[in-house]
2 protein chains.
Amino acid sequence: MKTLLVEDDPLLGQGIADALTYQSHLVEWVKTGLHALSFAHASQFDVIILDLGLPDMDGLDVLQQLRNDNVLTPVLILTARSTSGEKVTGLDRGADDYMVKPFDVPELMARLRALQRRESQQKSPIITHGNLEIDPANLSLSKNGEPISLSRHEYDLLLHMINRPTQVFSREALVDKLYNWDNDVSSNTVEVYVHHLRKKLGKHIIKTIRGIGYQLGSTSE
Amino acid sequence: MKTLLVEDDPLLGQGIADALTYQSHLVEWVKTGLHALSFAHASQFDVIILDLGLPDMDGLDVLQQLRNDNVLTPVLILTARSTSGEKVTGLDRGADDYMVKPFDVPELMARLRALQRRESQQKSPIITHGNLEIDPANLSLSKNGEPISLSRHEYDLLLHMINRPTQVFSREALVDKLYNWDNDVSSNTVEVYVHHLRKKLGKHIIKTIRGIGYQLGSTSE
DNA sequence: TTGCTTTCTTAAGGCTTTCTTAAAAAGTTA
DNA sequence: TAACTTTTTAAGAAAGCCTTAAGAAAGCAA
């Protein structure tokens, strides 16, 4: 899960970034509204965590700008502004959730999972596909009830594709999901991970759309 | 907006129902888990507001049951259970938002709007032509529901013609669409691709306008 | 820290599909 | 029929993808 964290406080920001990373998020952490805007446009995030008190502009304006520019990424506002009116304003400007500082980390994680689940049209908290089961809360995977261990990138790739089971992903889009922008991966990582997943989960788990990219396939042989 | 309110407390229930109605929701108010289940199955709601302390069963079980039964309606839990652990449990069982009583009515309304907004973002348009379906977002094509795979140039050619179904294209115009300017293709590529498309999609998919070029035809034989 | 294990990244060679070309066959027009 | 256009076929070239393997990096345990 690729997350844009917008938070100017260095300590708090580091804390959240660490917590997210620990939950195997891929985190891009920026400290100003302008950076937030440019990152949100440059790459496709699964969720944006937005502080409102930023040094250069108000977080609400960042949000509004994003929505104006048709960036539909779910946004969770995380702020010290705690009045009812402020919450209503935030939500009505286009946020999907609103949490007040000080906040509880597990609750933040659970709310992010809920946003993600809704976004990917998942019905239940446990994601299934054929005989596969994924529990995003535990980062675990099983096939026919047997647990299978995946490396972090294998897991990310699979989860991302399972969240949009009919979509075709270009290699570039997948690289964008798997890596931070300052990490230039110049070679065939995606092919290699696809190969690993096929080895572990069966040949047909991922289909190749030649000249275009990859698409989730079936779990049967 | 059609809302299912599940709340056994008469006073509080009435208050919420009134507030919702005032915001021009169409409210169905039930007081037990069993009623909640049967209503949620019988009709398509835009959102469900769920109390957890119900007389006949726990709200969490209602929620789990709904998700098991493939009811995707967004659920907002509204309860007195306020610990972090309880929130995490609620969200991870499949809720989309979680509010603690006593709560603020405007905030509830704003959260409902946020859920609704997210829900109503629709998916990509699909182009149809006769019995063909093209999903440009996924670069996929099917005929009578059967997926058909095209090579990149075949796909480009077809999509270009389908976007202008009545226009007649000269060979030169099509070459120009398929290739960069610095790519001098000196031979009969277009003819070859037309031939491929006819083979895959039926003779009449492309008509020959003799001496001029090609035009989209019909998908029937 | 050190050493051990797992995971990541890169590159190269082989394999498969698609592209391009050319030439023969078929069709159309005058 | 002659002249011309379009279709079909086939084969070598090019591009795209898969697989393997090895060194680098990261994570973990003592």
Side-chain angles (χ1 to χ4, degrees), chain A residues 18 21-27 139 141 147-161 168-215 217, chain B residues 139 141 147-161 168-215 217:
Chain A
D18 288 350
T21 305
Y22 184 72
Q23 290 290 317
S24 121
H25 284 235
L26 179 69
V27 182
L139 307 167
L141 164 78
I148 293 180
S149 88
L150 296 182
S151 81
R152 180 199 177 127
H153 281 178
E154 289 162 6
Y155 178 85
D156 284 351
L157 187 58
L158 178 65
L159 191 62
H160 185 240
M161 296 190 76
V168 177
F169 299 94
S170 71
R171 242 165 293 269
E172 296 72 45
L174 293 173
V175 164
D176 180 66
K177 276 292 163 191
L178 255 41
Y179 298 92
N180 282 319
W181 76 279
D182 52 351
N183 235 350
D184 57 334
V185 180
S186 53
S187 78
N188 59 341
T189 22
V190 171
E191 273 110 319
V192 173
Y193 286 118
V194 166
H195 181 232
H196 289 167
L197 284 173
R198 283 174 175 158
K199 225 167 175 177
K200 290 185 178 179
L201 304 176
K203 234 183 205 171
H204 306 294
I205 185 64
I206 291 171
K207 284 187 288 192
T208 301
I209 313 294
R210 187 163 236 268
I212 298 169
Y214 296 101
Q215 184 182 28
Chain B
L139 307 158
L141 165 77
I148 293 179
S149 88
L150 297 182
S151 82
R152 178 180 223 127
H153 282 178
E154 289 162 6
Y155 179 85
D156 286 350
L157 185 58
L158 178 65
L159 193 62
H160 186 241
M161 296 189 76
V168 177
F169 299 92
S170 70
R171 247 160 289 267
E172 295 71 42
L174 293 174
V175 165
D176 184 59
K177 276 294 157 196
L178 253 43
Y179 298 92
N180 287 324
W181 62 274
D182 54 350
N183 236 348
D184 56 334
V185 181
S186 54
S187 78
N188 60 340
T189 22
V190 170
E191 276 100 327
V192 173
Y193 286 119
V194 166
H195 178 231
H196 289 168
L197 284 173
R198 284 173 175 158
K199 222 167 174 178
K200 289 185 177 179
L201 303 176
K203 237 183 203 171
H204 305 294
I205 184 64
I206 291 171
K207 284 186 287 192
T208 302
I209 313 294
R210 189 160 235 273
I212 300 174
Y214 296 102
Q215 183 184 26

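The chains referred to below are lettered A, B, ... by the order of the sequence lines, with proteins before strands, and numbering in each begins at 1. Side chains included, hydrogens not; waters and symmetry mates left out as well; all remaining heavy atoms used.
Look at CZ on A/R152: it is 18 Å from P on D/dA25, rounded to the nearest Å. Rounding to whole angstrom units, CG of residue A/L150 and P of C/dC8 are separated by 10 Å. Atom P of nucleotide C/dT21 and atom NE2 of B/H153 are separated by 12 Å, given to the nearest angstrom. Between the CG atom of A/D156 and the C1' atom of C/dT7 there is a distance of 13 Å, given to the nearest Å. Taking atom OH on B/Y155 and atom P on D/dG16, their separation rounds to 18 Å, with Å as the unit. Rounded to an integer number of Å, the gap from B/L174 CG to C/dC19 P is 15 Å. Between the CG atom of A/L197 and the P atom of D/dC17 there is a distance of 17 Å, given to the nearest Å. Note: CD (B/E154) to C1' (C/dT20) measures 13 Å, nearest angstrom.
Contact detail for B/L174 and B/H160: the closest heavy-atom pair is CD2-ND1, 3.8 Å. Scanning all heavy atoms of the two residues, the minimum distance from B/L197 to B/I205 falls at O-CG2, 3.9 Å. The two residues A/K207 and A/R198 have their closest heavy-atom pair at C-NH2, 3.9 Å.
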Across nucleotides 3-9 of chain D, 5' to 3', mark each nucleotide with B, S or - according to how protein heavy atoms within less than 4.0 Å reach it. --BSBBB
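Take B/H196 and apply the ring pair (Phe, Tyr, Trp, His ring centres under 6.0 Å) test, not counting sequence neighbours, and it matches B/Y193.
Taking the ring centroids of A/H153 and A/Y179, they lie under the 6.0 Å cut-off.
Proximity of A/N180 to A/V27: side-chain heavy atoms (C-beta onward) are nowhere separated by under 4.5 Å. The shortest distance between side-chain heavy atoms of A/V194 and A/Y214 falls below 4.5 Å.
Between B/Y193 and the phosphate of C/dT18, there is no side-chain N or O to OP1/OP2 separation shorter than 4.0 Å. The side chain of A/S151 places an N or O atom within less than 4.0 Å of a non-bridging phosphate oxygen (OP1 or OP2) of C/dC8.
At most 12 non-hydrogen atoms from other residues, nucleotides or ligands lie less than 6.0 angstrom from CZ of B/R152.
Expressed to the nearest 0.5 Å, how far CG of A/L139 lies from CG of A/L159 amounts to 9.0 Å.
Summary of helix geometry: the two end axes of the helix from C/dT1-D/dA30 to C/dA30-D/dT1, each defined by five base pairs via their C1' atoms, are inclined to each other by 40° (rounded to 10°).
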